[in-house]
Structure formats: structure tokens, C-alpha cells
Amino acid sequence: MSKAVVLFASPHKDGHTAKLLDSFMNHFSLEYEYINLYDCTIRPCIDCKACARMTCPYNSDDMGIIIKKIESAEIIICATPIYFNHVPSPFKAMMDRCQQFYLRKATAGISHFEHERIGILLTTAGSDDSKVTDAVTDVFQMFFHCFETKFIEHIAKTNTDYMTDYNISQIQFDKIKKYLVKTGEY
Ligand SMILES: Cc1cc2nc3c(=O)[nH]c(=O)nc-3n(C[C@H](O)[C@H](O)[C@H](O)COP(=O)(O)O)c2cc1C
């Protein structure tokens, strides 16, 4: 069993994104911690730059708990609907607070995360626009990178306004499983 943390960012606990996450979890038996970012209190980053010298002074909000859960995980699974080609605001607030890892590394050369993790992104979007997830693909490259995490797969379900297909393709299943086996815990 691999230890995973799920960062979930839909306001609907039984919506398209939740159903896609369920489908994913039914394919892979992972021990995981679940964080619903809509239930978290995460202050917006105010670019005070304190994190260049010390731990972010605002980590006493739920960001501190999220960081601890990520530290103890091997796999980071992000599940989010697409809002304006990006992520909903609770997820964006959390992402901006990850600036603390970039800044500390850039100024003091200190890396917060000791070992490499793997990252998987699950998205749902209402439209069938072929470009609807282009922006988040780039965003999550950067996001996962700040946790020393290798972004291995993006499972994107589009057209949820009209279709409800939450299946994971065999190709994606095989690819993810290969990485999970590599972690040595699957
Ligand atoms: C504020 C808002 C913005 C949205 N922006 C987009 C968008 O840019 N592109 C798109 O295809 N769907 C967009 N949608 C639709 C959602 O991505 C889609 O309905 C999604 O599957 C909802 O997932 P959920 O059931 O987990 O909430 C938006 C929905 C909302 C509420």
C-alpha cells in the first residue's frame, strides 16, 4: 500500500470531480489522507517575503496541516474542477502559499521536501473545448515541482455538462500502476 494525500477542490461532495476521484480510488488500493480545500482556512499569500528567511508566519492556518500531510506522503493526488480554465479559488489560495518553498530555495538554497514524490491530476470540465485543460497542465507542472514531485499523469474528463464518464483508460491505469510499483509499496 502506498501512502497518498488527496487535495480535493470541488464545492460538490458528490459532483463530477468526486465521482472521478471515486473511480480512481476504486482502481488503485491506496492508503490516503483526504483534504477538502473547501473546508480549509488558507490565508491568501501577501508576498511579505518572510518565507525567504523563516517558515511562513501564517502556516498556523490549515496550510501547516496540509504541508505535514504532503511531507509524509509518497503520492499527491489533486482532484479539481476547471474554473475559468484554472482551479477554483480555494486551490489557488493554497498554490500561492507554496511560494514559500520557491522563495526559500531561491534565496537560501533550502529544499523543504527531502525525497521525490509522484503527482497525479484529476480534472473535470463542463465543456468539450480541446484546450480547456492546457493552462492547468502548465500550472500543475509548477505546483508539483515545488513539492519535489514528478507529475506523472493527468486524467481529464471534459464535457461533464453532457456526459458522465468517469472511467480510467487501460493505458492510464497501466502507466500509473507502473509508477506505483516503482515506489516499492504497491
Ligand atoms: C465558476 C465556474 C467556472 C467554470 N469554468 C469552466 C471553464 O472555464 N471551462 C469549462 O469547461 N467548464 C467550466 N465550469 C464547469 C465545471 O468545470 C464543471 O461543471 C465541473 O465538472 C464541475 O465539477 P464538480 O461537479 O465537481 O463541481 C465552470 C464552473 C463554475 C462553477
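Atoms within each ligand, like the ligands themselves, are counted from 1 in listed order. Note that the structure is predicted; figures quoted are calculated from it, not measured.
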Ligand 1 versus Thr17: contacting region, heavy-atom distance under 4.0 Å: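 Under 4.0 Å from ligand 1, Thr17 contributes backbone and side-chain atoms.
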When you measure from [atom] to every protein heavy atom, which one gives the shortest distance, and what is it?
atom                    : value
atom 20 (C) of ligand 1 : Thr124 OG1, 3.3 Å
atom 27 (O) of ligand 1 : His12 ND1, 2.8 Å
atom 28 (C) of ligand 1 : Ile82 O, 3.5 Å
atom 22 (C) of ligand 1 : Pro81 CB, 3.7 Å

Criterion salt bridge (charged side-chain N to carboxylate O under 4.0 Å, His left out) on Arg117 and Glu74, from CA distance to verdict: CA-CA 5 Å; Arg117 292 154 176 77; Glu74 301 291 330; over 6 Å; no
From SG (Cys51) to CD1 (Ile110), nearest 0.5 Å: 11.5 Å
Distance filter under 4.0 Å to [X] heavy atoms, resulting ligand 1 atoms:
X      : value
Asn85  : 7 (C), 8 (O)
Thr160 : 18 (C), 19 (O), 20 (C), 21 (O)
Ser10  : 24 (P), 26 (O), 27 (O)
Phe84  : 3 (C), 4 (C), 5 (N), 6 (C), 7 (C), 8 (O)
Val132 : 9 (N), 10 (C), 11 (O)

Ligand 1 contacted by Asp129 (non-hydrogen, < 4.0 Å): no
Stepwise ring-ring contact (aromatic ring centres under 6.0 Å, His included) check, Phe113 with Phe101: CA-CA 9 Å; Phe113 296 93; Phe101 307 121; 5.0 Å; yes
Within the structure, does [X] bring an N/O atom to less than 3.5 angstrom of an N/O atom in ligand 1?
X      : answer
Gly15  : no
Ala18  : no
Gly126 : yes
His16  : yes
Tyr83  : no

Matching residue for Met63 among Lys68, Arg97, Arg43 - test: side-chain contact (heavy atoms from CB on, under 4.5 Å):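 It is Arg97, the one option of Lys68, Arg97, Arg43 that forms the side-chain contact (heavy atoms from CB on, under 4.5 Å) with Met63.
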Thr164, Asp14, Asp165 screened by side-chain contact (heavy atoms from CB on, under 4.5 Å) with Lys19, the one that passes: Asp14
pair Ile66-Met94: side-chain heavy atoms closer than 4.5 Å: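 Contact flag for Ile66/Met94 side chains = yes.
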Contact check, side chains of Ile76 and Leu7, non-hydrogen atoms, under 4.5 Å: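 Touching, per the 4.5 Å side-chain cut-off.
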Between Gln100 and Thr55, a side-chain donor and acceptor under 3.5 Å: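 No donor-acceptor contact under 3.5 Å links the two side chains.
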Residue pair Gln172, His154: steps toward the side chain to side chain donor-acceptor pair (under 3.5 Å) verdict: CA-CA 9 Å; Gln172 288 186 310; His154 177 186; over 6 Å; no
Derivation of the side chain to side chain donor-acceptor pair (under 3.5 Å) call for Thr17 and Thr124: CA-CA 6 Å; Thr17 313; Thr124 70; 3.0 Å; yes
